[in-house]
Amino acid sequence: MEKKVLYINACARSESRTDRIARALLERLGGLQEEVKLAEMDLQPLSEEADYTDAMFDLARQFQQADEIVIAAPYWDLSFPAILKLYLENIYVTGLVSEYTETGRSHGLCLAGKLWYVTTAGGSYLSDFSCQYLHTLAAEYFGIPETELICAEMLDVEGFDADNLVAQQIGQIQKRKLL
Ligand SMILES: Cc1cc2nc3c(=O)[nH]c(=O)nc-3n(C[C@H](O)[C@H](O)[C@H](O)COP(=O)(O)O)c2cc1C
């Protein structure tokens, strides 16, 4: 059976360089691909009045059942766009993506073996509050053991050729044996 690859697209711009790199990766990964384009969804913060409809559970189930997950998000304010946090809040359904053990620890229920985190940064990239956070969340709460970062940085710094830096990253992806 073909592997299911879930693409979580948290890019905001139509000319997004992060999205461009992620699509090169998706091409290498193959499989049956589904894209969740966060900008086009009506994600709401959870609240007492939140509408806990089937749609939210569908998103959680889709995340839980993916064999491989690609998240693309630009580097914003040392982290990633808030819409990605909204998505995570919405898919975090206890009993679907995670459950508690008797000792209170979380035990992940997701099937994916790997999460790819694709990002681009205007300056130099510090992974602490984006990729590192997602790696810990994936491993400890979702049960996804491996996270790999793909990053192109310095894209908005004078003297650096952004197109070339993005092309280099895409070239490296195209050379990898991923299928
Ligand atoms: C709201 C916002 C916040 C940003 N914050 C940072 C930042 O903290 N550090 C940094 O190096 N670049 C920052 N940037 C620059 C982006 O990371 C950079 O332009 C990135 O390549 C954008 O990705 P995109 O081409 O996929 O949209 C920020 C850009 C925006 C619009």
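Just so you know, ligand 1 is whichever comes first in the structure, and atom 1 is the first atom listed for that ligand. By convention here, the first residue in the shown sequence is residue 1.
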Only heavy atoms of [X], strictly under 4.0 Å: list the atoms of ligand 1 that pass.
X      : value
Leu78  : 8 (O)
Gly122 : 10 (C), 11 (O), 12 (N), 15 (C), 16 (C), 17 (O), 18 (C)
Asp77  : 3 (C), 4 (C), 5 (N), 6 (C), 7 (C), 8 (O)
Gly123 : 10 (C), 11 (O), 12 (N)
Thr18  : 23 (O), 24 (P), 26 (O)
Ser16  : 24 (P), 25 (O), 26 (O)

- Message: Using the rule given for side chain to side chain donor-acceptor pair (under 3.5 Å), can you reason through Thr18 versus Thr120, listing the C-alpha separation, both sets of side-chain angles and the distance that settles it, and then say yes or no?
- Response: CA-CA 5 Å; Thr18 318; Thr120 64; 2.8 Å; yes
So, is [X] polar-close to ligand 1, with some N/O to N/O distance under 3.5 Å?
X      : result
Cys11  : no
Pro74  : no
Leu155 : no
Asp19  : no
Trp76  : no

Write out the residue and atom name of the closest protein heavy atom to [atom], then the distance separating them to 0.1 Å.
atom                    : value
atom 23 (O) of ligand 1 : Thr120 OG1, 3.1 Å
atom 15 (C) of ligand 1 : Asp156 OD2, 3.5 Å
atom 25 (O) of ligand 1 : Arg13 NH2, 2.7 Å
atom 14 (N) of ligand 1 : Tyr75 O, 3.4 Å

- Evaluate whether atom CZ of Arg105 has more than 12 neighbouring non-hydrogen atoms of other residues, nucleotides or ligands under 6.0 angstrom away. no
- Message: Please check if the number of heavy atoms outside Tyr141 that lie under 6.0 Å from its OH is greater than 12.
- Response: no
- Ser130 versus Tyr75, side-chain donor and acceptor atoms under 3.5 Å: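 Side-chain D/A pair, Tyr75 to Ser130: absent.
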- Message: Do Tyr133 and Ser127 pair up side chain to side chain, a donor and an acceptor below 3.5 Å, judged on atom types alone?
- Response: no
- Query: Within the distance-only criterion (no hydrogens, no angle test), does the side chain of Gln33 pair as donor or acceptor with the backbone N or O of Gly30 below 3.5 angstrom?
  - Reply: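 Yes; judged by distance alone, with no hydrogens or angles, the pair exists.
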- Would you please test Ile8 and Ile71 for side-chain contact (heavy atoms from CB on, under 4.5 Å) and show each step? CA-CA 5 Å; Ile8 301 161; Ile71 296 181; 3.9 Å; yes
- Message: Quick one, Phe142 with Phe63, criterion ring pair (Phe, Tyr, Trp, His ring centres under 6.0 Å). Give me CA distance, side-chain angles, the key distance, then yes/no.
- Response: CA-CA 10 Å; Phe142 296 148; Phe63 187 88; 5.0 Å; yes
- NZ/NE/NH1/NH2 to OD/OE distance under 4.0 Å, Glu148 and Lys114: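 Result for this pair is yes, salt bridge flagged.
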- Item | Stepwise side chain to side chain donor-acceptor pair (under 3.5 Å) check, Tyr117 with Thr147 | CA-CA 7 Å; Tyr117 186 66; Thr147 295; over 6 Å; no
